[in-house]
Amino acid sequence: MIEPVSGAGDALVIVDVQTDFCQGGPLAVPDGDAVVPLINRLAPAFPVLAVTQDWHTPAHVSFASSHGKQPFETVELAYGTQILWPDHCIMGTPGAALHPDLYIPNAQMIVRKGFHPEVDSYSAFLEADTTTHTGLAGYLKERGVTRLFVCGLATDYCVGWTAMDGRKAGFEVVVIEDACRAIDLNGSLDAAWQAMADAGVTRTTTDALLSA
Ligand code: VGL
Ligand code: ZN
């Protein structure tokens, strides 16, 4: 049972609801656009909102094109195995913009991640080298946040890693499951839900939260 959004200590973290991850984009998440109206309903309930943007350099290390490989192949990097993606969310380009129908005027903090050319960052807290912090945990703590509600794209990558790193940073974490969509590559969605459950991340839905 999730306690209702109290107005104190709660934050909504909206992950990577960007043009390139939506319909027609180079890394379109199936049905990704469907999260937009749900997030627009959720946003007014929260006193603290942080929004993330995947924000890569051209020729980023996470791009297949940077390695002469095909999307969804992998390479071994100093920090581990990197899945290679189509070029996406290049900093300052229209594809990196937030979805045009996302209406979240009370959002306060925008966190950009993945901007180091040689390091990916699915998580909104910690880059893939597992040592470089984005600053989001400090921001949320200074705002008095203790519980995070996470939504956006994609459930099995940036949402999942953000949720798990939120736990590691000491927050209670709840994923709003209908306000997320997944890429689901080789069973990655089931694996992500299992890893989140193991980390103590809980789940709710938009309706349950807004009627609580
Ligand atoms: C994401 C793959 C590559 C995400 C970002 O937002 O889930 N996935 N970059
Ligand atoms: Zn990316």
Side-chain angles (χ1 to χ4, degrees), residues 12-36 38-39 50-67 69-75 77 79-99 102 110-130 132 134 136 148 150-166 173 175-193 195-196 201:
L12 184 65
V13 179
I14 302 168
V15 177
D16 295 5
V17 184
Q18 290 166 270
T19 299
D20 276 352
F21 294 125
C22 292
Q23 199 176 2
L27 187 42
V29 178
D31 202 30
D33 302 71
V35 304
V36 171
L38 295 171
I39 294 171
V51 182
T52 74
Q53 283 178 291
D54 212 36
W55 198 254
H56 297 309
T57 53
H60 191 258
V61 73
S62 73
F63 296 168
S65 62
S66 305
H67 304 269
K69 294 200 174 225
Q70 293 304 307
F72 315 113
E73 292 187 80
T74 60
V75 285
L77 300 178
Y79 56 76
T81 303
Q82 171 72 51
I83 303 175
L84 297 173
W85 305 102
D87 290 23
H88 65 279
C89 297
I90 295 174
M91 46 179 63
T93 65
L98 296 173
H99 189 293
L102 195 63
I110 297 181
V111 182
R112 289 168 169 171
K113 60 183 180 63
F115 52 78
H116 290 121
E118 302 301 333
V119 187
D120 204 2
S121 189
Y122 297 148
S123 165
F125 292 102
L126 199 60
E127 298 188 13
D129 63 5
T130 69
T132 308
T134 64
L136 180 59
L148 310 181
V150 186
C151 59
L153 305 173
T155 321
D156 40 350
Y157 291 97
C158 292
V159 170
W161 287 53
T162 295
M164 290 192 287
D165 281 347
V173 181
V175 172
I176 308 170
E177 58 188 16
D178 59 329
C180 301
R181 288 294 182 281
I183 296 174
D184 203 8
L185 209 60
N186 305 318
S188 58
L189 182 58
D190 285 346
W193 281 126
M196 285 191 271
V201 174

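This is a predicted model, so every value here is computed, not measured. Just so you know, ligand 1 is whichever comes first in the structure, and atom 1 is the first atom listed for that ligand.
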ask   = So, W85 side chain and I83 main chain: donor-acceptor pair closer than 3.5 Å or not?
value = yes
query = Can you tell me the angle formed at the Zn ion (ligand 2) by OD2 of D54 and NE2 of H88, to 10°?
reply = 90°
query = Will you find, in the side chains of Q82 and D120, an N or O donor that is under 3.5 Å from an N or O acceptor?
reply = yes
task = Looking only at protein heavy atoms, identify the closest one to atom 6 (O) of ligand 1 and say how far it is in Å.
result = D16 OD2, 2.7 Å
H116-E127 side chain donor-acceptor pair, cut-off 3.5 Å = yes
request  = Please state whether the separation between the Zn ion (ligand 2) and some N/O/S atom of H56 is under 2.8 Å?
outcome  = yes
request  = For ligand 1, note which part of V15 has a heavy atom under 4.0 Å away: side chain, backbone, both or neither.
outcome  = neither
remark   = Near D54 (heavy-atom distance under 4.0 Å), the atoms of ligand 1 are 5 (C), 9 (N)
ask   = Where is the nearest protein heavy atom to atom 2 (C) of ligand 1: which residue, which atom, and how far?
value = W85 CE2, 3.4 Å
inquiry  = When you measure from the side chain of D20 to the backbone of L27, do you find a donor-acceptor pair of N or O atoms at a distance under 3.5 Å?
reply    = no
note = Residues S121 and L126: closest non-hydrogen pair is OG-O, 3.5 Å
ask   = Is there a side-chain contact between I14 and T52 (heavy atoms, below 4.5 Å)?
value = no
request  = Could you tell me if any non-hydrogen atom of H88 lies under 4.0 Å from any atom of ligand 1?
outcome  = yes
remark   = The residue among D54, L185, D184, V15 that forms side-chain contact (heavy atoms from CB on, under 4.5 Å) with Y157 is L185
task = Check ligand 1 against C158 and write out every atom of the ligand that is under 4.0 Å from a heavy-atom position of the residue.
result = 1 (C), 4 (C), 5 (C), 6 (O), 7 (O)
inquiry  = If I apply the N/O under 3.5 Å rule, does Y157 come out as touching ligand 1?
reply    = no
ask   = Can you list the ligand 1 atoms lying under 4.0 Å from a non-hydrogen atom of A154?
value = 4 (C), 6 (O), 7 (O)
Residue D120, metal the Zn ion (ligand 2), N/O/S under 2.8 Å = no
inquiry  = For F63 together with H88, are the ring centres under 6.0 Å from each other?
reply    = yes
